Amino acid sequence: MKEISMIIRPEKLEEVKSILDEINCGGMTITTAMGCGAQKGMTGVNEIKGFKTTINLLPKMMVSVVVEDGAVEPIIMKVRERLATDHVGDGKIFIKPVEEAIRIRTGERGDKAL
Ligand SMILES: Nc1ncnc2c1ncn2[C@@H]1O[C@H](COP(=O)(O)OP(=O)(O)OP(=O)(O)O)[C@@H](O)[C@H]1O
Ligand SMILES: [Mg+2]
């Protein structure tokens, strides 16, 4: 099992929900977030207005989903296909191994608990 954490533009949340629905994921967790990437949150506006800050945090959404290993690449492909624009700030995907999953109601473990 792997945890896929995706940090995305808030307006792309519905698209990601559709993708996760299409691959029949068993659940997801969504968190509102603030963050910056390589541009340190600069969009050009701050410099134009004359403000100087070292880092500017922008609103993002974090989507976390734990899936079977085989679902990872299809999700990455679909997210890139449907979320990539020509502009910086499209977001990032991080993949982590997940040791165990337990459905509390039934005690099912592993893939069966997803
Ligand atoms: N190395 C990182 N660690 C943790 N979070 C990150 C990291 N890089 C990006 N993020 C998160 O992802 C969000 C979007 O990042 P972003 O797409 O701007 O990445 P980038 O590396 O600057 O790529 P681009 O040049 O396409 O903008 C950030 O606001 C931040 O929340
Ligand atoms: Mg960026």
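For clarity, every value in this text was computed on a predicted model and none was experimentally measured. Counting starts at 1 for both ligands and their atoms, following the listed order.
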Under the criterion side chain to side chain contact (heavy atoms under 4.5 Å, CB included), I'd like the reasoning laid out for Ile95 against Glu3: C-alpha separation, chi angles, the key distance, then a yes or no.
CA-CA 6 Å; Ile95 315 283; Glu3 178 183 358; over 6 Å; no
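- Of the heavy atoms in Ile7, only side-chain atoms (C-beta onward) come closer than 4.0 Å to ligand 1.
- Using a 4.0 Å heavy-atom cutoff, Asp90 is listed among the residues neighbouring ligand 1.
- Comparing Gly35, Gly91, Gly37 against atom 14 (C) of ligand 1, the shortest heavy-atom distance belongs to Gly91.
- Residue Met34 places no N or O, backbone or side chain, under 3.5 Å from any N or O of ligand 1.
- Every heavy atom of Ala33 sits 4.0 Å or more from the atoms of ligand 1.
- Annotation: protein N, O or S atoms under 2.8 Å of the Mg ion (ligand 2) (waters excluded) comprise Gln39 OE1.
- The shortest N/O to N/O separation between Lys92 and ligand 1 falls below 3.5 Å.
- Any N or O atom pair closer than 3.5 Å counts here, and Gln39 shares at least one such pair with ligand 1.
- In this structure the side chain of Asp111 reaches within 4.5 angstrom of the side chain of Met1, judged on heavy atoms.
- When each of Leu57, Leu58, Asn56 is paired with Cys36, the side chain to side chain contact (heavy atoms under 4.5 Å, CB included) condition holds for Leu57 and for no other.
- Closest heavy-atom contact between Val65 and Cys25: CG2-CB, 4.0 Å.
- Where the criterion is an N or O separation shorter than 3.5 Å, residue side chain and backbone included, Phe94 fails it with respect to ligand 1.
- Of all atoms in ligand 1, numbered sequentially from 1 with element shown, those under 4.0 Å from a heavy atom of Lys60 are 29 (O).
- Both the backbone and the side chain of Ala38 come within 4.0 Å of ligand 1, counting heavy atoms alone.
- Counting protein heavy atoms under 4.0 angstrom from atom 29 (O) of ligand 1 gives one or more.
- The side-chain heavy atoms of Arg9 and Thr85, taken from C-beta on, include a pair separated by under 4.5 Å.
- Atom NZ of Lys12 sits about 14.0 Å away from atom CE of Met6, to the nearest 0.5 Å.
- Considering only non-hydrogen protein atoms, atom 16 (P) of ligand 1 sits nearest to Gly89 CA, 3.9 Å.
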